[in-house]
2 protein chains.
Amino acid sequence: MDKQTITIYDVAREANVSMATVSRVVNGNPNVKPTTRKKVLEVIDRLDYRPNAVARGLASKKTTTVGVIIPDVSNTYFSSLARGIDDVATMYKYNIILANSDGNDQKEISVLNTLLAKQVDGIIFMGHHITEALRGEFSRSKTPIVLAGSIDEDKQVGSVNIDYEEATKDAVRLLAKNGNQKIAFVSGSLRDPINGQKRLKGYKDALKEANLTYTEGLVFESTYSYKEGIKLAERIKNSGATAAVVTDDEVAVGILNTLTDSGVKVPEDFELVTSNNSLLTEIARPQVSSITQPLYDVGAVSMRLLTKLMNKEEMEERTVVLPYGLAEKNSTK
Amino acid sequence: MDKQTITIYDVAREANVSMATVSRVVNGNPNVKPTTRKKVLEVIDRLDYRPNAVARGLASKKTTTVGVIIPDVSNTYFSSLARGIDDVATMYKYNIILANSDGNDQKEISVLNTLLAKQVDGIIFMGHHITEALRGEFSRSKTPIVLAGSIDEDKQVGSVNIDYEEATKDAVRLLAKNGNQKIAFVSGSLRDPINGQKRLKGYKDALKEANLTYTEGLVFESTYSYKEGIKLAERIKNSGATAAVVTDDEVAVGILNTLTDSGVKVPEDFELVTSNNSLLTEIARPQVSSITQPLYDVGAVSMRLLTKLMNKEEMEERTVVLPYGLAEKNSTK
DNA sequence: AAAATAAATTAAAACGGTTGCAAAATTTCC
DNA sequence: GGAAATTTTGCAACCGTTTTAATTTATTTT
């Protein structure tokens, strides 16, 4: 009953050659006489033969598939990276298996293992905090791995990021220059080294530079959501801060809208700089000044780097740092 | 040099059983004596054996992988669907290969073919307009396919959607009820049957119902982007419309912000209803009334439907229509 | 306790390709 | 025209599982 699938063997028979020759034709191997190639191609076309990628994968030990571990595709930050990843993957004839982890330590490990079981040729990992266990899995596996928009001290794997520390510093500098004495730092989990180490350090350093004192009371940790921003607004206002650097656009806009709705004038009474320069910053009124990150490129470059690792190409540096910018809009003076 | 991979054969040898028995243990086949099972599991654990999914796929003709064709992951509408798809996929032990098509006819076909070559067990397709060529590929392949948030007359494949026609009708009814005589219809490409057939029909029907006349001058076709909304605002205003149903939130907010910035009072002078109820509708000021669609669920249900098709379960209906709602916020009176 | 039945296990054939090596065919060179 | 060199081709092992049919072992039945 099954519309039986036609195999390389069928093609070989019809074309009066061996499977080996068909395989060579399919793989563009040059050691085939032009006339033979033509004959085989005709049969392939006539039978509408399509090589079974699974069988190929088994025989060649290459699946032309890479695994992508992502906290949440429906989050624009990550989906922008994902888009960059897929575009470059496609360019190099790879497909991506996309797996959401919710940034959950357990899921990250289990998903990593299923990806390895599926024999992906490489892995791109996006996450917040890399646990010791995960790091262990990373080094155990001989499959190349690249971190995209995620950092880890252990430089065993490749990674692509921007200089979060300097970027945050620039943002705080701007706020300090504008005369703010109390600048809040509103970030996601400080467990994420991007926040807890890089950005926080940038914040502290910039304060010091401006002769401002660091107080824990001005540091706010939150989850990434608009609602969280709304909740936070009151507390930030009460802290006496007159400005804030925020690491997430949703949170930033939540704060902005809440303050504005309660009569606070932005930027006159309160200044705000956020970090991802997403569409939200354009839509909000006033528009929100923001650090700009080349998200798509971070993804694209990660995948490019991964292709090099998969090809075992020699390379200078596997830790890439992309340039960032600062877009001054209307939430800063 | 290669940390050589350990195979089912190694486990068999170490455990003094045949590969077949190991295979049964791994697959939870009950026909294994408990003591044997235990012995094998110990060896598996000791050797840290992990079944090669590619070999399994070849032997069993099942890859526990489904292909997902998506116009653009970085678009929140689709990434919401994608998230629902992946969650249910994970629940049923499937992984997804995600491939962006940009809604491009050519890419859709080529991507479909590589997914089939990779022997995915099923496919979820999201797209705007299904060409004859694509439909041909669909029916040629015996791999189950489900359309998510996409429609096609040809009911050969499964699909999950909301009733776009009724939803649009409801939105227009609301605007008509509020006294608007000239209601604009701002949609994406009319080539997409969701717009060109369903929604447009709902729009026309509602107009008729309210004794309003349909004019082409009030129909605006645009691409889905904030910028496009900005451009459109002026034209819409000049059309004499005092209200609009918009099919995309970015476009809607673009229109809203532009009108507001130019002094038009919303909802007093102009009313607006959009269609996806994304975060943008909350962030914009005033907040935008919107049709509500269970995007995550559309994805989730699509995947659930696909699992049934992959299992060859008998079922009544493979065309699922999920409920929608209408959230009245501040862009309508 | 032998015969019949059921349960557990094994051997070996797929699954559909790739690839190293040897053989065959072709071309080159004197 | 024939040996040597080169290009094409085919053979067959291999990739790591699943799965069927056959065999062995254990359990019931009488």
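Scope of the values below: all heavy atoms of this structure, side chains included, with no hydrogens, waters or symmetry mates. What you see is a predicted model, and the numbers here were worked out from it, not measured in a lab. So that the names make sense, note that chain A is the first sequence line, chain B the second, and so on, each numbered from 1.
Distances were taken from every side-chain heavy atom of A:T7 (C-beta onward) to each of C:dG16, D:dT17, D:dG16; the shortest belongs to C:dG16. Picking from D:dT8, D:dG10, C:dA11 the nucleotide with the shortest atom distance to the side chain of B:A20 gives C:dA11. Proximity note for A:R56 (side chain, C-beta onward) versus C:dG17, D:dT18, C:dT10: the nearest is C:dG17. Which of D:dT17, D:dT9, D:dG16 sits closest to the side chain of B:L58 comes down to D:dG16. Candidate nucleotides D:dT17, C:dG16, D:dT9 were compared by shortest atom distance to the side chain of A:K33, and D:dT9 ranks first.
Within the helix from C:dA1-D:dT30 to C:dC30-D:dG1, the inter-axis angle between the opening and closing five-pair segments is 40°, rounded to 10°.
Salt bridge status for A:R50 with A:D48: present, with a side-chain N to carboxylate O gap under 4.0 Å.
A donor-acceptor pair under 3.5 Å is absent between the side-chain atoms of A:T65 and the main chain of A:V120, judged by distance alone.
At the phosphate of C:dG16, OP1 or OP2 sits under 4.0 Å from a side-chain N or O atom of B:K61. OP1 or OP2 of C:dG17 has at least one side-chain nitrogen or oxygen of A:Y49 nearer than 4.0 Å. Contact between the side-chain N/O atoms of A:N27 and the OP1/OP2 oxygens of C:dT18 is found at a separation under 4.0 Å. Of the side-chain N and O atoms in A:T21, one or more sit less than 4.0 angstrom from OP1 or OP2 of D:dG10. Between A:S60 and C:dT18 there is no side-chain polar atom (N or O) within less than 4.0 angstrom of OP1 or OP2.
Counting non-hydrogen atoms under 4.0 angstrom, B:V17 reaches the backbone sugars and phosphates but no base. B:R37 comes within 4.0 angstrom of no nucleic acid atom, judged by non-hydrogen atoms across all strands. Heavy atoms of A:N16 sit under 4.0 angstrom from primed sugar atoms or phosphate atoms, though from no base atom. Among the heavy atoms of the strands lying under 4.0 Å from A:N52 are primed sugar atoms or P, OP1, OP2 only; no base atom is included. Using a 4.0 Å heavy-atom distance criterion, A:S23 is classed as a base contact. Contact annotation for B:V54: no contact, since no heavy-atom pair falls under 4.0 Å across all strands.
Here the OH-CG distance, from B:Y92 to B:N311, works out to 9.0 Å after rounding to the nearest 0.5 Å.
In this structure, a donor-acceptor pair under 3.5 Å is present between the side chains of A:T64 and B:K118. Judged purely by distance below 3.5 Å, without hydrogens or angles, the side chains of A:T307 and A:R304 pair a donor atom with an acceptor atom.
Ring planes of A:Y224 and A:H128: tilted class, angle from 30 to 60°.
Judged by closest nucleotide on DNA chain D, A:V32 is the one of B:P51 and A:V32 placed further toward the 5' end.
Within 3.5 Å, no donor on the side chain of A:R50 pairs with an acceptor on the base of C:dG16, nor the reverse.
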